[in-house]
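To start, the structure itself, in structure tokens.
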Protein chains: 2
Amino acid sequence: MNIHSFIFAAQMRIRDEHKEIIVKETALDMLVELGFDGFSMQKLAKKAGVSPATLYIYYKDKEDLIVQLGIEEGQKMTRSTMEGFSPEMSFEDGLRLQWKNRANYWLQNSVSSKFYEQIKHSPYYEKVMAVYKDEFKVKMTAFAKKAVLNGELKRLPFEVYWSLAFAPLYNLINFQMQGQSIGGLPFTWSEEIMNQTLELVLKALKP
Amino acid sequence: MNIHSFIFAAQMRIRDEHKEIIVKETALDMLVELGFDGFSMQKLAKKAGVSPATLYIYYKDKEDLIVQLGIEEGQKMTRSTMEGFSPEMSFEDGLRLQWKNRANYWLQNSVSSKFYEQIKHSPYYEKVMAVYKDEFKVKMTAFAKKAVLNGELKRLPFEVYWSLAFAPLYNLINFQMQGQSIGGLPFTWSEEIMNQTLELVLKALKP
DNA sequence: AAAATAAATGAACATTCATTCTTTTATATT
DNA sequence: AATATAAAAGAATGAATGTTCATTTATTTT
């Protein structure tokens with residue numbers, strides 16, 4: 001093969017993106033329904049209406065499929081979380097926006113969210129995180145640091161800040177998604193409840 | 001078989017509890033290391049030095065093994081969390097005790113904790129929770145209700161209270177266990193950091 | 001010592017698994 | 001229309017899976 005044939009090689013038969021999307025969505029559904037065990041390439045191929053061999057055109061192997069899915073869903077979540085966000089916002093406005101964005105995304109994409117919650121607590125997560133850890137980190141630390149300088153936020157170790165600022169939200173959403181009430185009645189999400197919780201978080205974080 | 005032989009049947013060859021314990025510990029190790037996929041009955045039998053058939057004396061099937069393990073570890077965690085606790089405690093003392101107990105247990109039993117975190121976000125959890133949800137719920141709601149009456153705690157939906165009171169702790173511990181720092185340096189747990197976080201949680205929850 | 005019985009075993013089962021091989025199909029350039 | 005080429009398919013691979021069967025082992029009562 002010479003340079004000419006390499007660079008100008010004919011690009012024949014494009015990958016069917018529709019098919020690829022169906023594979024992804026089916027995989028997400030199955031992983032959430034069946035768990036990581038219970039899920040298999042053959043089942044996926046069958047349910048997605050695709051040959052098993054086709055999956056290996058899209059992905060190197062099963063692990064790659066799962067990890068890629070994790071990376072992609074993570075990026076979607078992050079993008080959605082940051083929608084409308086700018087570092088110039090006041091701390092309170094920024095946090096409020098992120099809570100709203102996260103809640104909306106999770107409640108409207110419950111399959112993706114459940115999948116992500118699952119992979120987040122699995123051995124796969126190491127490989128998922130390795131990819132997009134940094135871009136996210138940079139934005140978030142900058143936001144927090146500015147808020148500290150402006151006297152809007154207590155000076156705290158980053159992990160402490162993060163745990164106080166977002167863990168309650170995640171937990172609240174998980175209650176909703178799993179119907180996993182501890183109290184008497186099944187818990188029902190509302191924007192009011194979210195705001196009530198956010199106010200208390202802000203109370204904790206303000207200097 | 002008549003009544004006599006049923007009631008007074010000879011009890012021959014007791015189950016080897018030592019063997020059962022090794023199976024459990026090995027299973028925990030493998031589940032954490034390999035994830036729910038990656039784990040198999042044959043691998044477990046081999047590593048635990050036991051015949052595959054023996055596993056089916058202890059457990060109905062693979063799912064039963066995993067679920068039973070989840071139930072047992074959950075009970076251990078709960079028992080440990082409640083050690084030294086009494087409903088007569090002040091809200092602040094009670095919360096402080098539970099944070100301390102939880103942190104100690106998680107950090108000293110990291111395999112169990114990682115396993116539990118994993119099963120908690122898997123489809124198995126429904127079956128785990130079904131068992132010991134109630135006994136736990138009763139204690140915790142009573143504690144919170146009393147605190148509200150005494151004016152030590154804001155009146156809140158239970159899930160909001162729970163998410164504020166404990167989610168930050170779980171998140172902080174997860175940072176430590178996964179070495180999953182978002183900020184620059186890897187996060188290192190300390191009792192001081194825990195207390196700092198707890199103070200802010202109390203600030204949020206007090207009326 | 002014999003009988004009784006559950007624990008424990010090793011080998012075996014059909015099934016499913018992840019993956020690959022060979023062939024066919026569809027598309028874009030020549 | 002012929003050619004080139006990657007996408008996609010279907011069938012097949014050996015290995016691994018969950019589970020069971022027939023048998024042996026260990027222990028206690030008779």
Side-chain angles (χ1 to χ4, degrees), chain A residues 1-27 30-31 33-69 122-124 127, chain B residues 1-27 30-31 33-69 122-124 127:
Chain A
M1 186 189 281
N2 59 29
I3 290 179
H4 185 267
S5 70
F6 178 76
I7 294 183
F8 297 99
Q11 178 200 344
M12 318 279 168
R13 192 171 187 192
I14 313 159
R15 223 186 242 189
D16 186 343
E17 298 206 27
H18 179 64
K19 197 163 279 182
E20 216 171 334
I21 290 168
I22 285 188
V23 165
K24 279 179 193 166
E25 284 176 353
T26 310
M30 294 182 73
L31 281 162
E33 191 192 336
L34 307 173
F36 286 94
D37 55 338
F39 172 81
S40 83
M41 297 299 261
Q42 314 227 44
K43 284 186 203 162
L44 170 57
K46 193 167 197 176
K47 195 159 187 181
V50 152
S51 164
T54 305
L55 301 176
Y56 289 84
I57 298 173
Y58 300 154
Y59 304 99
K60 184 175 153 285
D61 53 25
K62 190 177 104 165
E63 176 173 12
D64 183 48
L65 186 153
I66 293 176
V67 170
Q68 291 305 324
L69 233 51
S122 83
Y124 289 112
K127 283 166 189 171
Chain B
M1 187 191 278
N2 58 30
I3 290 178
H4 185 266
S5 70
F6 178 75
I7 294 182
F8 296 100
Q11 178 202 343
M12 320 276 169
R13 192 168 185 190
I14 313 159
R15 221 186 244 188
D16 186 343
E17 299 206 27
H18 178 63
K19 196 164 280 181
E20 216 172 334
I21 290 169
I22 285 186
V23 165
K24 279 179 193 167
E25 284 177 352
T26 310
M30 294 182 74
L31 281 162
E33 191 191 337
L34 308 173
F36 286 95
D37 55 337
F39 172 81
S40 84
M41 297 299 261
Q42 311 228 40
K43 283 187 203 160
L44 171 57
K46 194 167 196 175
K47 195 159 188 182
V50 153
S51 164
T54 305
L55 301 176
Y56 288 84
I57 298 173
Y58 300 156
Y59 303 99
K60 186 175 152 284
D61 54 25
K62 190 177 105 164
E63 176 174 13
D64 184 48
L65 185 153
I66 293 176
V67 170
Q68 290 305 324
L69 232 51
S122 83
Y124 290 111
K127 283 166 187 170

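Below, read A as the first sequence line, B as the second, and so on, with proteins coming before strands; counting in each chain starts at 1. Small disclaimer: the values here were computed from a predicted structure and weren't measured.
- The 5' end of DNA chain C is approached more closely, in terms of each residue's nearest nucleotide, by Thr54(B) than by the other of Gly38(A) and Thr54(B).
- Summarising the geometry, the separation between CG on Leu34(B) and P on dA16(D) is reported as 14 Å, rounded to the nearest angstrom.
- Going from atom CG of Asp16(B) over to atom C1' of dA7(C) covers 9 Å, rounded to whole Å.
- In this structure, the CG atom of Leu44(B) is 15 Å from the C1' atom of dA16(D), given to the nearest Å.
- Tyr59(A) comes within 4.0 angstrom of no nucleic acid atom, judged by non-hydrogen atoms across all strands.
- The CD-P distance, from Glu20(B) to dA6(C), rounds to 16 Å in whole Å.
- Within 6.0 Å of the NZ atom in Lys24(A), the count of heavy atoms belonging to other residues, nucleotides or ligands exceeds 12.
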**Complete:** Given protein heavy atoms under 4.0 Å, the one-letter contact record of nucleotides 18-24 of chain C, with B base, S sugar-phosphate only and - none, is simply BBBB---
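- In this structure, Leu65(B) places its CG atom 13 Å from C1' of dT19(D), rounding to the nearest Å.
- In this structure, Leu44(B) and Val23(B) approach most closely via the heavy-atom pair CD1-O, 3.8 Å.
- Contacts of Glu25(A) classified as salt bridge (Lys or Arg N to Asp or Glu O under 4.0 Å), with partners at least two apart in sequence or in another chain: none.
- For dA9(D), the OP1/OP2 oxygens have a side-chain nitrogen or oxygen of Lys19(A) closer than 4.0 Å.
- Of all heavy-atom pairs spanning Ile22(B) and Ala48(B), the tightest one is CG2-O, 3.8 Å.
- For the pair Val50(A) and Thr26(A), the minimum side-chain heavy-atom distance is 4.5 Å or more.
- Judged by distance alone, with hydrogens and angles left aside, the side-chain atoms of Arg15(A) form a donor-acceptor pair with the main-chain N or O of Ile57(A) at under 3.5 Å.
- Protein atom NZ of Lys46(B) is 16 Å distant from nucleotide atom C1' of dG18(D), rounded to whole Å.
- Distance CD1 (Ile57(A)) to P (dT5(D)): 17 Å, rounded to an integer number of Å.
- The separation between His18(B) atom NE2 and dA8(C) atom C1' is 15 Å, rounded to whole Å.
- Residue pairs meeting the side-chain hydrogen bond (donor to acceptor under 3.5 Å, both in side chains) criterion with at least one member in residues 36-60 of chain B, sequence neighbours excluded: Tyr124(A)-Asp37(B).
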